[in-house]
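This report refers to the structure that appears directly beneath it.
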Amino acid sequence: MKKHLATLLAILMLVAALPLNTAYAQVPAETCKDKAALEAEFKEAAAELFENIANKEGLYKGKYDAEKQTVYVEILDDQKLGMNIAGTGLIAKTIELYNDYGLVEIQFGDTKIVEAEDEDGFPDNILMYVDLKGLNEAYPDERQFSQQIKGNVAVALISALQHKYPELATVSGGVGPNHESNITTKKLIDKSLDIYFTLGQEGCEEETTLKYTVMGLKSLDDIPEPEVPEPEVPEPEEPEVPEKPEDPHAPQWMPGFFIPVTNEEKKPEEEKPEEEEKPVGEILHAPFIEGYPDGTVKPEGKITRAEAATMIARLVGLDLTDTTAPAFDDTNQNWYYAAINAMVKKELMFAKDGKFRPDEPITRGEFARAIYGLKGALEAVAPFEDVKGHEFEAAINEAFGHGYINGYPDGSFQPDGEITRAEAAKILNRVDERAVNQGGLAEVNFESPFTDLKNDHWAYYELLEAALGHSSNRVEGQTHENWVTIEK
């Protein structure tokens, strides 16, 4: 991903005098915030900064992606000097973040210091970070503090750009804001910079760093689409159909899903009429994700542990006859009793300290553990560095080996992140060997029934497959289904 560009150059020409309150307050130890709290408050406050600085009439406009912590900047006039971008309030907002939200240092690029020489050959190390706390201590006067921030940020920012992109340096082999006015906005197109914000509190040990990105673009239409590689789905093997149970009310097995089918009582010598047999290749899929009364399906919404238990138990046909209250301190709603009992009995989900936490969002690692072993053991090693040593590493490795999961474009899996409804739909479709595409919907000719799910969403077909009951067939050698009917 790419980062902070034209936008942050606004620093250089901002108003010199700003009303400030520069006291970095001492915080009593008992009120020290943990990293999560520091990050959450900063992200919310910084959103205004990144949304506002990416726009300047006639010169550039931007779009802030809070989830990716990335600012995309479209250059509208590529002939202007980068140093003339001003008036976005960046310095004032930076000081606010320093005073009220624990911002103590800003680093531009991946390197804090570059060893260099000045024009006479003497050592002249270039700093690519700004120590806000140190500046405030050295320049307690409000006006001086503001000017020092502006100057130091300018040097660090231009130096970082020139270090990453040597063609922007105006002195051969040099780094630093030499004749920086030669950097026009045109030169910032297709260039990016990572910005690191270090947060902390005076008198507190907790300190954390957040990374944001700014990327210069010729057009916002060039914003890269999220990379969501679709794994190769193995060609389904013809399943072995178990013998028909004697109990006429027992679940009957259909390829791809367990669906309860009630047969009428018939004498042993009677044979089922041939015309009632299901055609070869016909698949019946019941929904395992439900939409909401307001007509939405909330693709990016979270899934609770109770909801996950219900989805998986129904999908794979677990015994849901035990509707007694689970023996946990916090399970008190009977709609999920049967599913939780079934998942716990199969050792797919667990309680901790006597609590199942049914209403808490399930994590990606917990979700992988909840489908662990459903298709048999598989030796595999996932390439995700952030799962090494994790309590659910074995389950994640197996899910990767089966092709259920892919991870993120940055090479991580984020096992402790909360899974979304769209991600869960994709994984469970792989578990149940479900798949449909545009061609597979040709015969049913319909539009999405959900107001927040359009065909440009990456999980459009995954959620339709998961949320709509349907019958379909699959041509031999074809991985995707052809839908025939949709349940109303």
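This chain uses plain numbering: 1 for the first residue, then up along the sequence.
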Completion exercise
Paired with T198, the side-chain hydrogen bond (donor to acceptor under 3.5 Å, both in side chains) test is passed by just one of D131, T209, T208, namely T209
Problem - Q414 backbone acceptor or donor facing D386 side chain under 3.5 Å - result: yes
Handout entry: Interatomic distance, L453 atom CG to S448 atom OG [nearest 0.5 angstrom]
Key = 4.0 Å
Exercise for the section: Check the angle between the aromatic planes of Y404 and H402 and answer parallel, tilted or perpendicular using the 30° and 60° thresholds. Expected result: parallel
Exercise for the section: Could you tell me whether the side chain of T310 and the main chain of A306 form a donor-acceptor pair under 3.5 Å? Expected result: yes
Practice task
Classify the angle between the aromatic ring planes of F356 and F328 as parallel (below 30°), tilted (30 to 60°) or perpendicular (above 60°).
Solution key: parallel
Problem - Donor-acceptor pair between E465 and N429 side chains, under 3.5 angstrom - result: no
Exercise for the section: Output yes when a side-chain donor or acceptor of D322 lies under 3.5 Å from a complementary backbone atom of A338, and no otherwise. Expected result: no
Fill in the blank from the handout: Residues at least two apart in sequence or cross-chain that pass ring pair (Phe, Tyr, Trp, His ring centres under 6.0 Å) with F384, listed by chain then number, are F400, F413
Practice task
Spell out, as yes or no, whether a donor-acceptor pair under 3.5 Å connects the side chain of E44 to the backbone of E41.
Solution key: no
Problem - Pair E423 + R364: basic N to acidic O under 4.0 Å - result: yes
Handout entry: Neighbour count above 12 (heavy atom, 6.0 Å) for K346 NZ
Key = no
Practice task
Taking D432 for its side chain and R434 for its backbone only, find out whether a donor-acceptor pair lies under 3.5 Å.
Solution key: no
Exercise for the section: Without swapping roles, check the side chain of E393 against the backbone of A395 for a donor-acceptor pair under 3.5 Å. Expected result: no
Problem - Main-chain N/O of D410 paired with S412 side-chain donor or acceptor, under 3.5 Å - result: no
Exercise for the section: For residues 354-363, pull every pair meeting side-chain hydrogen bond (donor to acceptor under 3.5 Å, both in side chains), keeping only residues two or more places apart or in separate chains. Expected result: R357-E360, R357-E366, T363-E366
Practice task
Answer yes or no: is there an ion pair linking K352 with E391, defined by an N-O contact shorter than 4.0 Å?
Solution key: yes
Handout entry: Donor-acceptor under 3.5 Å (H390 side chain, K388 main chain)
Key = no
Handout entry: Ionic contact status for D456 with K454, cut-off 4.0 Å
Key = no
Exercise for the section: May I ask you to decide if Q333's main-chain N or O and Y336's side chain share a donor-acceptor pair within less than 3.5 Å? Expected result: yes
Problem - Any residue meeting ring pair (Phe, Tyr, Trp, His ring centres under 6.0 Å) with F42, in chain and number order, not counting sequence neighbours - result: F197
